[in-house]
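Working notes, structure below.
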Amino acid sequence: MEIIFLIVGKIGEYSVGPIGEQFRYIISYKNNISTLEEKILKLLEKEEAVQQSVDGAQWNQQVVASEVKTWQANVGKRIEEAQKFLEEDVKANRKCLNGWCPDLKLRYSLGKKAQKNTQAIIQLLEEGGKYDRVYNTLPPLVVRSSPTGWFKDFESRKSTIQNVLDALKNDKIDMVALCGMGGIGKTEMAKEIERRVKSDNLFRKVVSAVVSQKPSLTKIQGELAEMLGPKLEAESLHVRANELYSRLTKNKNVLVILDDVWEHLDLGHIGVIDAVKQKSCKILLTSRNEEACNAMRIEKIFPVGLLSKEEAWNLFVEIAGDCINTSDLISIIAKQVAEECARLPLAIAIVGGALRNKRDKKEWKAALQQLKMSNPDNIYGLHPKVYSSIEFSYNYLQSGEAKSCFLLCCLYPEDYDVPIEDLVRYGVTKRFLKGLGTVEQTRELVHTIVKNLIRSNLLLDSNWKERVKMHDVVRDVSISIASRDENGFMVVLDPGLEEWPQKDRYDSYTTISLLLGEMKGHPTELKYPKLELLQLSCLNHSETFSSNLFNGMKELKMLYLQKGCFSLTMSPPSIQILQNLQMLNLENCRLGDVSAIGTLRNLEILNFCDSEIMELPSEIGNLSRLKLLDMKRCRPLKRIAAGVLSGLCRLEELYAGDFKNWGCTTMMEGNGAVTNNNASLAELIPYSSQLVVLEISTPSILCLPKELDFSNSNFRFMINIGRDYRAGERYLFENTLKLEVEDASDLGEHRTIRSMLKKAIVLSLDIGKNSKHIWFEKEEKGILPCSLKGLTINRCEDLEYLLEATSDSTPPNTFYLLESLSLNYLPWLIGICKFKDSVEVEREGSTASTPVAHKLFSSNSILWVPNLKLLDVEGCGSLEVIFDLEGLKVKENRKPILAVLFDLRLWNLSGMSHVWKNIPPGFQGFQNLTLINIKNCHSLRNLLPGSIAKLLVQLQVVTISKCNLMENIIQREYEAGEERRADILSSETHSLEWPSIKSIKLLICPKLKTFGLEVQSGRKQRKMDAELDPRAQEPSAASSSTRQSSGLFNRCLESCVPRPRNYSPALHAQGKSSSSLGENKHDLIKKEITLTKQEEQNVSKTENQAKMLSLFPYNLIESLKNLQKLSANQCDSLEVIFELEGLNAEESNIFNNLRVLSLHFLPKLLHIWKKGPRDIKGFNYLRLLQVWKCGSLKCLFTPSIAKLLVKVEEIDVYGCNEMEEILAKELGDEENRDVIAFSLVNTLKLGNLPKLECFYTEDNHAFEWPSLNKMQIYGCPKLKMFVSTSTKTPKLKGVHMRIEATFQPMVEGDLNTTIQHIIKRKGLNHFYPPPKFSQLRSRLQEDIFGF
């Protein structure tokens, strides 16, 4: 020991001199390497952030500066150099028996190189800070299509659908059509074809647009282009066509679906036809008109016929319900009714929906009579029976309000998402409630009517909330019915129209709906004595709005002006004539002075939604009958004149969520003038009790008066205080309070806030200080919310609990209805509830002596949230456990706990050591948990106890990232304790089944070795774990100094004295460190790929004592058979992915749903597939195999595995330094002469594989690559040939050498010959930086999963 002190002392003397820097390289080399590793991760994250911004720029067709690309290239080179340094140079230091006999020269070199690399990376990080905002917009997620509700897989349709799919696969056919009469089911068939095309990955992208009877080419261009990139900004048809063509050719393999084509459509003007000619896209269209298809030169037209009699009857019975079977008479009549539907799917759906569950024979007889007596109008391409079916269903509606809502939906363009709120406001004006009731009550009635119309199949559900759609055929019939004299509708929606439509007379019209391209002219002296509703919309802004437009419309009650039809600095004078006007809708208009509106004293509904308006003038305060004022998304609005709200004495609903410039104090003087410029919310005080709906936003709590009395029992609110807010489109929002204040004490006496807290359903709180127990104090129990469904708490710095326990034994009902709980950045949070026996939290400067169990949910509080669906916890560093069930009593009749929780997200919880803890035997719960996302939880060693894992039958997605101590996903046996041993994973005592699992993603978990350890017998396994466990207790310095000195001497002696060839410290030494054991185990097993039987016997004993752990042991594989995507990235300890040894070949059919396998930066990975029976079955649907930077991997797979991969489309291998061949021979395969066919592989990439000699060395297999069209090879200097036998690549044109421009065409049509030609030119010797970090998600992966 004296020698050591002398050495250290001498180093200390030199460290203060001129050569001190050199000694610091030696002393601090470990810290330097650790710092370098941290900086590499930060640089990778920065590069990914920059790349996301670059992707956004490209999505928006923006040009990225060359300096950004240069920076990215420099990052790639620097990361490559740093990783090579860590993988090669740093590992060399471990050869000297883990540093017990250190090579000082080597350590000096390591310390210096590490510091140099670190400085270079820091410089890149600083430079990268400038590129955070190359562009902000990211490509949107893809909404996955699903089978539609009414599509049935009829036998009569199967052959047609299959024929269309076959035609789309045919390289010689570019345009296909489905042709048939209206209501026959063409659109539903096209949607089913789209679903199957996506499922089978026939096209890289599928885009669609509805053409309709009056096509708008710009609208079609917009719908198609926005599925391939951002919104088209250009207005010129030609420029838009060029942009769409560019996107189609860039994306290449695209299917364009054009639905409802009526007549010849010029595909050239749209921008599609040239892309078709270049084979970048194919077209599928639906049409009623076969002549139009022929005129467009459609190559294959498939007629869509009627259903068979049996199919038609079965569909009718399914829709009409069991009432058909209640009596023989109804059954007989029902068959006749079904025959009247003429085997047309739409007619069957509508008539069946109208008669659903009708059990009165008289109703069925009346229905049959109406259908037979119908006298349908002649609508082109529409079967008369479809018309009569829709007309019958309309006549069958039992209320005039329902008929009115149905007809009002035809005022909108074809395929339009009709806002139900529009129907509500029409209903208010039309007095649906006979002049009584509020707007809210009318809203409830209209939504009920719409639901019934959907049930009757007269309307369709929309993809947008609070909207509804109408089938184009139903709309045609609706317009026909509405145009009859008794209804008096005129509907003209023609984008090409520029003037008011000419009619012989206008005196019979009650309702007019016009859509024009631009309003350029309007006839004068027109009389509309019966007109009550005018809906007018222009695609382009019109500056020539007629001043006398409304002169002949004095009886007008509802005026709806939308988009460009109202773009004026002041209202037209004739608007003052409309003294009977009750509803005025100015939506998405450019507005100036709107003071003239103040003269419309009968106005009840005024809407400025989405309009450009700067000021709401004081004259609006004259509208004393106004019930609803809507200013949603009027973001340019800067001023609401003081006194406006005071005058609206009958106001029921106010929507002003985007306006924040409220006056905080309003002083009324004797003359009624207001001293400040803007209205104050204090103006609402006199009639706040009559308000029913309020949506507002204020910058401060000071702007919200304390005296507001929201006593109406039906009162709903969306109130935002302090936060940035953007009003949405919804009107059926639940009571929502979003509150941001600096000090909780500001809320103490605020009666308005207290009343809203009590009524809140969705609550978001951001309170800076004095919120130790938030507002849930014992003495304030009266203000606890009783109906909370969503609770979000952000950045409350001193919050410890959400509520405080009282003397009551009954649990609080505050959280009983809670569905969503989000807790973000609450550094002192230690639980949901503070119980009376809790101990104060120990903080800096305090002297608390009793530790507190920092558990979010205890065995008591977990029972308070039975309806919780989403739990999101982030940045709560004091929490140690999420669910601690210690003391929970399992009862026979108790409902499962948290049975509806489906989404669990835990991020940045530095203190969390357990998610679940102390699970009692027989526990039931969490059965609907679907998503688990864990990130930056560095104290977590495992995720799931086995007893919880077996309950998660609905689990679909598991994502774990940046958990430094995570060792296994499912808890080890010894970690669960003696009492739980029977419940942990073993094939004998435990059955784990995850039938719903789809995706497992593991990122930066350096200690992760296995998903769940297979159980081994007793003492041997515990001994093994003790040797491998880095947490094994070490002896104290006081009690073991002698043993330490002895150990040091022995280790130094071992490093200096020669030893036998087969000597291994793992076999002879006890108490070996985990790192040392791991090194010897690793070196021994690396040779396993090419071992002979004799060699396997020689090392069998060593392997038994140093057994490799698999990510998926054989006894877990069957439990995950439905897994679709597996991704593992930077998990440094992973050695094997799939352990197949132990599987029964006859019963195995494993991972047949796995589509994507991505393995990146796994330095210790030795096997992807390890051992197992040669005749195993499985992996048949794997489509993407991507393996990057797996430095110990010597081969990709064996012939027996290769034969399973019949669906694989892309193989991508990069940076695997030890890989010698892609396909490795296996024992017993020498005599096998089978042809190995990679039938669907279209892309093969092999990059930076310095030891790769060939794809396959043996000569017993020939290879076929019938689909291979892209091959990329670079950085393979030892490559001698591709294979030693024949290989067929009929579609391959040549080989890319990293850079797309470096391309070698095929030589003599043979891949081997081509490779030899490249080798002679040394074209494979050049190494390139790794692909960008964000490119780990390849195009194929995006197509499969939509991200």
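Since the model is a prediction, treat every value here as computed from it, not as a measurement.
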For residues 957-966, please give each side-chain donor-acceptor pair under 3.5 Å, one per line with the distance, not counting sequence neighbours.
from   : atom 1 : to     : atom 2 : distance (Å)
Lys962 : NZ     : Glu45  : OE2    : 2.1
Asn964 : ND2    : His938 : ND1    : 3.3

Is a side-chain N or O of [X] found less than 3.5 angstrom from the main chain of [Y], in a donor-acceptor match?
| X | Y | answer |
| --- | --- | --- |
| Ser1119 | Trp994 | no |
| Ser878 | Leu829 | no |
| Ser996 | Leu955 | no |

### Side chains of Asn1153 and Asn1122, donor plus acceptor under 3.5 Å
yes
### Task
Say whether Ser822 and Asn824, considering side chains only, have a donor N or O and an acceptor N or O under 3.5 Å apart.
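There is such a pair between these side chains.
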### Task
Could you tell me which residues satisfy side chain to side chain contact (heavy atoms under 4.5 Å, CB included) with Phe733, sequence neighbours excluded, listed by chain and number?
Tyr655, Val693, Glu695, Arg716, Met718
### Message
Taking side chain to side chain contact (heavy atoms under 4.5 Å, CB included) as the definition, give me every residue that meets it alongside Ser910, ordered by chain and number, with sequence neighbours left out.
### Response
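Once residues adjacent in sequence are excluded, Ser910 has no partner under the side chain to side chain contact (heavy atoms under 4.5 Å, CB included) criterion.
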### Query
Taking 4.0 angstrom as the limit, do Arg941 and Glu967 come out as a salt bridge?
yes
### Sub-4.5 Å side-chain heavy-atom contact between Ile882 and Met912
yes
### Query
Any side-chain heavy atom of Leu885 within less than 4.5 Å of one from Ile897?
no
### Task
Inspect the surroundings of NZ in Lys759 and state if more than 12 heavy atoms from other residues, nucleotides or ligands are less than 6.0 Å away.
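Enclosed.
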### Task
Could you pull out all residues at least two apart from Asn928 that satisfy side chain to side chain donor-acceptor pair (under 3.5 Å)?
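Side chain to side chain donor-acceptor pair (under 3.5 Å) list for Asn928, sorted by chain: empty.
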### Message
Which residues pass the side chain to side chain donor-acceptor pair (under 3.5 Å) test with Arg905, not counting sequence neighbours?
### Response
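Arg905 satisfies side chain to side chain donor-acceptor pair (under 3.5 Å) with Asp872, Glu874 once adjacent residues are dropped.
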#### Entry: Contacts of type ring-ring contact (aromatic ring centres under 6.0 Å, His included), residue Phe857, not counting sequence neighbours
Phe883
### Task
For the residue pair Trp1169 and Phe1179, categorise the inter-ring angle as parallel (less than 30°), tilted (30 to 60°) or perpendicular (more than 60°).
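The arrangement is perpendicular - the two ring planes meet at more than 60°.
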